[in-house]
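What follows is a single structure, written as structure tokens, with notes after it.
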Amino acid sequence: MGFVTGLQCRECGRKYNIEPIYVCEFCFGPLEVVYDYQAIKKVVSRKTIEGRAENLWRYKELMPIEGEPQVGLNSGFTPLIKAENLAKIFGVKELYIKDDTVAHPTLSFKDRVVAVALTKAKEFGFDTVACASTGNLAHSVSAHGAKAGFKRFIFIPATLEATKIVASLVFKPNLIAVDGNYDDVNRLCSEIANKYNWAFVNINIRPFYAEGSKTIGFEVAEQLGWKAPDNVIVPCASGSLLTKIWKAFKEFREVGILDEANPKIFAAQAMGCNPIVTAIKNNTDVIRPIKPDTVAKSLAIGNPADGFYACRVVKESGGYGEEVTDDEIVEGIKLLARTEGIFAETAGGVTVAVTRKLIEKGYIDKDEVTVICVTGNGMKTQEALQGKVAEPHHIKPNLASFEEILNKL
Ligand SMILES: *Cc1c(COP(=O)(O)O)cnc(C)c1O
């Protein structure tokens, strides 16, 4: 029923059957899903897609599942907001926010990857799902896994934002807070994944999971009236999202939905966790792992699994990378809020602030169409704004007290 022909090693090209595996046995390269684009071309068109429900499964032929979607039927197709106020401040003609702060049950783009991973876990017959998370994945696997009836083991760094911990716990998963950073958590999870027969969404199910990120690219193309933008600014943790947005535009061209697709892809990171951007700036694809220290915890992966491929996509597409300080991240969150009415989490502060820098430095042409990916909701990372927003005006419950304040404003 599906259009996946198998898995293939990105390095040596060796082919594998569709199984919960993620690494080539021979060269240790990562495995990627391969589709039969000729067959897909015959069954999808702009019209078939437009006639479907407004969720991330409207592009299901280009998703790595065999049967019907089972998870995430209420996720995705988030708004593409024309950001006219922000465009004025940045001095550019056409600017959009791909707003993944809304239209996902757990308020981040991770609902896209989890919808695919858990549908695939069902198809493989797993009863337990697990993940190593920087926060949003924990929230999303906890929620969607509850509805889908999975046992859940969720591993997080113990220092995560309080809101993300509560937002996960309410769904009653087994939440394991590890004394270490994300890279420590991920290393531990690889060991656990080898021993227990669980669907680790971002380890042994990773080739399938990662494909869910393509839906941002598909949606952007559709929402722009079936064309690719000139520039896309993407936040990077492992680098997977960035590579998959690029893949989405290429696939849409491959199956005849877009005539042209040559967007420049830009990587956005925090200065306190910048291994991908550093490699891009040094014009290399060798990633040097670092120890993260930034308010942008959702992006705090010091040893990014897809960093090498993210660098390659940025280079091939003609994009670049830029990094911002924690203060610039907070300023980015506040700027987006007061211009466009969107409350983004720290990762959104990163992309907005990075976009500003890229425009100022001339890497983004002011006459081109630019899309900023805002991937998570600010309600989940309120700590980042503690002491960084104004206090409310306190008054007595009478008119005189109010007018005393009013006269000062
Ligand atoms: C996970 C995450 C990303 C980036 O994920 P990749 O690992 O690079 O695919 C971006 N934004 C938010 C809010 C995230 O939670």
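Just so you know, these numbers use all the heavy atoms, side chains as well, and skip hydrogens, waters and symmetry mates. We're numbering straight along the sequence, starting at 1. What you are looking at is a predicted structure, and each value in this text was computed from that prediction instead of being measured. Both ligands and their constituent atoms are indexed starting at 1 by order of listing.
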Exercise. Under 3.5 Å, is there a donor-acceptor pair between the Arg152 and Ser168 side chains?
Worked result: no

Exercise. How would you list, by chain and number, the residues with a heavy atom under 4.0 angstrom from ligand 1?
Worked result: Phe109, Lys110, Asn136, Pro235, Cys236, Ala237, Ser238, Gly239, Ser240, Leu241, Ser298, Leu299, Glu345, Ala347, Thr375

Problem set entry | Any side-chain donor near an acceptor of the partner, Asp100 and Thr375, under 3.5 Å | no

Problem set entry | Arg253/Asp259 salt bridge by N-O under 4.0 Å criterion | no

For this session: Please check if any side-chain donor atom of Asp111 sits under 3.5 Å from a side-chain acceptor atom of Ser140, or the reverse.
Result: yes

Exercise. Would you call the rings of Phe153 and Trp198 parallel, tilted or perpendicular if under 30° counts as parallel and over 60° as perpendicular?
Worked result: parallel

Problem set entry | Thr101 backbone acceptor or donor facing Asn377 side chain under 3.5 Å | yes

